[in-house]
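Values below: every heavy atom of this structure, side chains too, minus hydrogens, waters and symmetry copies. Keep in mind the model is a prediction, meaning the values are calculated, not measured. When a ligand or atom number is given, it counts from 1 through the structure's own listing order.
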Amino acid sequence: MDPYISPSAIRHSSPFLTKAMVASAAEKAPATASGGTRRVLLFPLPFQGHLNPMLQLADVLHARGLRVTVFHAAFNAPDPACRPAGYRFVPVGAGVPTADLVPTGSNADFAGALLRINERLQTPFQNSLREVLEDEEGVPACLVLDSNLRGMQVVADRLGVPTLVLRTGGAACLVAYMAFPALCDKGLLPPQDHSQLNMALDDLPPLQLQDMVFSTTTPHETMTTCLERIVESAKCSSGVILNTFNDLEDVELQKIVDGVCVPVYAIGPLYKISSGAQSSLLSPDQTCLDWLDKQEAQSVLFVSFGSLASMDQEELVETAWGLANSHMPFLWVIRPDAVHGSGKVGLPDGFEEETQGRGMVVSWAPQQDVLGHQAVGGFWTHNGWNSTLESICEGVPMICRPHFADQMINARYVEEVWKVGFELVGKLERGNIERGIRKLLREEEGGEMRRRANDLKDKAIHCIKKGGSSQTMVDLLVNCIMSLPSSI
Ligand code: UDP
C-alpha cells in the first residue's frame, strides 16, 4: 500500500477510501500489535528548535514499542536523564571546534553554520555509526535525520542504513526551499535592489521576495548549496516527516508530495502527541506558572524570541518601554545571550519600578505550559516554527517579529493565511510596540485573531485524536519503519 494519504483525501475523499486506509494502517503497524523489538536511530540538529521535535518524535516511536538510539552532536547535547529506559544516547564529534557552529546575532548566518556542521561531523558520525552497527543487537530499522544533515545521510547510505528525514519547519517553508532554484534562474534571487523586496511571488502565495532572503549575512552561494542539500535529503530519503497537520497546511503538503516523490507524513503537532518529557537545553523557570495563576484570563502578553534570535541594547530598551507603557501584564523571556553588540547590557533604569506587580522577566520559560495557561492572551514571537505551531495549537494570537531563516515565511502565513496575528514592521520603537500590544490584547481585531486561533486549536486536537490525520500518519510511519528493507 502506498503509505501516503494525501491531505485532501483525508478531508474530502469517500469515507470508504479513508476508512480502508486507516484500517489497513492499524492492521499493518506491527509495533502497535506486537510491542515491537526493532531499533530506530535518530540524529537531531544540535539546536533547541530542532532537538525538541526530534526527541518528541523519538518519544512517539518509543511509545509504539521501538527501541531508540539518539546520535547527537557533543555540543548542545540533550540530557539523557530526561528520557526513560530503552533509549541510548551516542555523542558524536567530541573535541571538534564548535565556536563557528552556533549562529548568533539578529541576522545570523544559519546556512553557513549548517554546512560547517555537516562537514565537521561527517567522519565522526561514520565512526560512531559503524560502532553502533557492530555493537547493538539486531539490525536497526532506519535512521531518522534532521533534514539539514544531508552529510550524515550520505554516510548512512554508504553503510546501507535506510533514512527518513524530519523537517522541523512548516510545510510552506519546504515548498519555498523547493522553489528557490527557479527564483534564482528567473534572476529574482538574490534581489538586485531594495525596490524588489515586496514583490509578490505568484507561484508561492502569499510570499514576497523578501521572505526568501533568509539572512543578509549569508553569501548567495552558501544559501543555494544549503537549500539544495535540504531538498536533496528529502528526495533521497524513504520518507519525509513534517511537524505540521493537514488542516493547517494541506495545499503546501500536496505540493511537497508532488515535488519529493517519496511518502510524506504530516504527524504534528508533535509536542501534543509525545510524552511531554523535557528537552530544554536551559532550565525553565517554573515559578512563572504560579505568577500566571494570579493574573486575569487572557490578560498577559508572553514575549519570547526562541533560542537563537537576539537584539541590540537599543532594541531591548525600546521593548522594555513599549511593554511598560502598554500597561498590560507581561511575561518576558530574556535569555542570558539575548542581547548582542557591545556596550551596557541591561534593563533600563526605572523599568522595574514602573512594571512592578504586572511584569515578570525570566531567562527561560516552560513555553508550552505558558502558552496553554488561561492567563495568556497573546504571544510576541520571532516565529520560529515550533513557537508558531505551539501558539496556534494553544489558540494564542501573535505579534510577529521574524529575524532570520524560515521565520519570515511563518510570519507571513500567520498574518495572511491563518490571520491569527500581525507583523510588527520597521524599527523597534516603544510607541509602535505599545500600539501593537493594545491591538492584540484589547481591540476587536485581536479578539478576531484569537477566535481564529481557537478554531485552529480545535482542528489540531481533532488531527491528533484516534482516526485523525496525524494519528493515522503515525500508524503509517511506524508501518513504514517496520517494513524498510536494510542492506547492512
Ligand atoms: N522555548 C522554551 N522556553 C523559552 C523559549 C523557547 O521552552 O523560554 C522552546 C519553545 O517552546 C520551542 C523552542 O524552544 O519549542 C524554540 O523553537 P523555535 O522553532 O520556536 O525557535 P528557535 O529557537 O529554533 O529559533
Steps toward ring-ring contact (aromatic ring centres under 6.0 Å, His included) verdict (W380, F302): CA-CA 6 Å; W380 181 3; F302 177 50; over 10 Å; no
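- Listed by atom number, the atoms of ligand 1 under 4.0 Å from S307 heavy atoms are 22 (P), 23 (O).
- Distance CG/N243 to CD1/I273: 8.5 Å, rounded to 0.5 Å.
- Under 4.0 Å from ligand 1, the heavy atoms of V333 that appear belong solely to its side chain.
- Of all protein heavy atoms, the one closest to atom 3 (N) of ligand 1 is A365 O, 2.6 Å.
- Ring geometry, F351 versus W332: the interplanar angle exceeds 60°, so the pair is classed perpendicular (tilted spans 30 to 60°).
- For the 3.5 Å distance criterion, the side chains of D285 and T287 qualify, holding a donor opposite an acceptor.
- Rounding to the nearest 0.5 Å places CZ of R430 at 13.0 Å from CD of E315.
- Of the protein's heavy atoms, N52 ND2, 3.6 Å lies nearest to atom 13 (C) of ligand 1.
- Only side-chain heavy atoms of S304 come within less than 4.0 Å of ligand 1; its backbone N, CA, C and O stay farther off.
- Under the 3.5 Å distance criterion, with hydrogens and angles disregarded, no donor-acceptor pair is assigned to the side chains of D59 and Y271.
- The side-chain hydrogen bond (donor to acceptor under 3.5 Å, both in side chains) search around S283 returns none, not counting sequence neighbours.
- Proximity to G306 (heavy-atom distance under 4.0 Å) selects the following atoms of ligand 1: 23 (O).
- Cation-pi geometry between K459 and F245 is not met at under 6.0 angstrom from the ring centre and within 45 degrees of the axis.
- Atom numbering of ligand 1 starts at 1 in the shown order; those under 4.0 Å from a heavy atom of Q48 are 14 (O).
- The nearest protein atom to atom 15 (O) of ligand 1, hydrogens excluded, is given as E390 OE2, 2.8 Å; this is a heavy-atom distance.
- Here is the list of ligand 1 atoms found below 4.0 Å of a heavy atom in W385: 19 (O).
- Here the heavy atom of the protein found nearest to atom 1 (N) of ligand 1 is W364 CZ2, 3.3 Å.
- Shortest contact from atom 19 (O) of ligand 1 to any protein heavy atom: N386 ND2, 2.8 Å.
- Remark: ligand 1 atoms within the under-4.0 Å shell around heavy atoms of G384 are 18 (P), 19 (O), 20 (O), 21 (O).
- Looking at atom 21 (O) of ligand 1, its nearest protein heavy atom turns out to be H382 NE2, 3.0 Å.
- Side-chain contact of R435 with N432: a donor-acceptor pair under 3.5 Å is present, judged by distance alone.
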ring-ring contact (aromatic ring centres under 6.0 Å, His included) between F125 and F71, worked out: CA-CA 8 Å; F125 175 59; F71 292 91; 5.1 Å; yes
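- When hydrogens are left out, the protein atom nearest atom 6 (C) of ligand 1 is Q367 OE1, 3.1 Å; that is the closest non-hydrogen contact.
- At the shortest separation from atom 24 (O) of ligand 1 among protein heavy atoms lies G49 CA, 3.5 Å.
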